[in-house]
Amino acid sequence: MSTKTPDEAGGTGTPLPTPQLELARKLNLLLDVVVAEGNTPYTYREIAAGLKVKKVSLSRARWQYMVRGEGPLVSDVLLLTEIANFFGIAPEYLLGSDDDLPERIDSQLELVRMIRVKRVINFAARTLGDTSPDALREITKLLEDGLSAGSDLTDE
């Protein structure tokens, strides 16, 4: 599910993510940051309950297609605003304003996530001290690949 850049008609250019995939990327980054900050991952139930307090409903199916980047684009301003408030970020991050705020938030969240990844790798290296360097490199690669592929923290 991606769109093509204008110059791709001639066979060049790179695919651009659809708005659905971009929203999914942002939501998954928010979910990753919660874990990166040392907290347990939010479940769908916790998110839905937090939104319900604000009188906003979110079905499991809708949440799933939002975090997977499938289905129709969610453009409900109230829903996206309350999801942003739930995560403690500016709503513009999910609403896609034209200023640089979403880009700044995105880069800050990615930095927090990568700092956490490095801590996990360092912890694993210390814990597995007698492990061969090749094995440590393979473990590091698996951790980095697993995190860059994204994890589905939305179950439950």
- Could you tell me which residues satisfy side-chain contact (heavy atoms from CB on, under 4.5 Å) with Ala48, sequence neighbours excluded, listed by chain and number?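 Tyr44.
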Sequence neighbours excluded, the answer for side-chain contact (heavy atoms from CB on, under 4.5 Å) partners of Ser57 is none
For Gly69 against Ala24, the heavy-atom pair lying closest together:
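It is N-CB, 3.4 Å.
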What one should report as the nearest heavy-atom pair of Thr81 and Pro91 is CG2-CG, 3.8 Å
Could you check whether any side-chain heavy atom of [X] comes within less than 4.5 Å of a side-chain heavy atom of [Y], counting everything from C-beta outward?
| X | Y | result |
| --- | --- | --- |
| Ile83 | Met66 | yes |
| Val67 | Leu23 | no |
| Leu80 | Tyr93 | no |

**Study point:** Step-by-step side-chain contact (heavy atoms from CB on, under 4.5 Å) determination, Leu27 to Asp32
**Key:** CA-CA 9 Å; Leu27 291 171; Asp32 287 347; over 6 Å; no
For Phe86, the ring pair (Phe, Tyr, Trp, His ring centres under 6.0 Å) test, sequence neighbours excluded, returns Tyr42
#### Entry: Verdict with supporting geometry, Leu31 and Phe87, side-chain contact (heavy atoms from CB on, under 4.5 Å)
CA-CA 9 Å; Leu31 291 166; Phe87 282 96; 3.8 Å; yes
Under 3.5 Å, side-chain donor or acceptor atoms of residues 71-78 against the rest of the protein: list the pairs with distances, not counting sequence neighbours.
unit_1: Asp76; atom_1: OD1; unit_2: Leu78; atom_2: N; d: 3.0
unit_1: Asp76; atom_1: OD1; unit_2: Leu79; atom_2: N; d: 3.1

- request: Could you grab the distance from atom CD of Glu82 to atom CD1 of Ile47, nearest 0.5 Å is fine?
  value: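 Answer for the CD-CD1 pair, Glu82 versus Ile47, is 13.5 Å.
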Do Arg60 and Gln64 have side-chain atoms, one donor and one acceptor, less than 3.5 Å apart?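 Checked: Arg60/Gln64 side chains show no N/O donor-acceptor pair below 3.5 Å.
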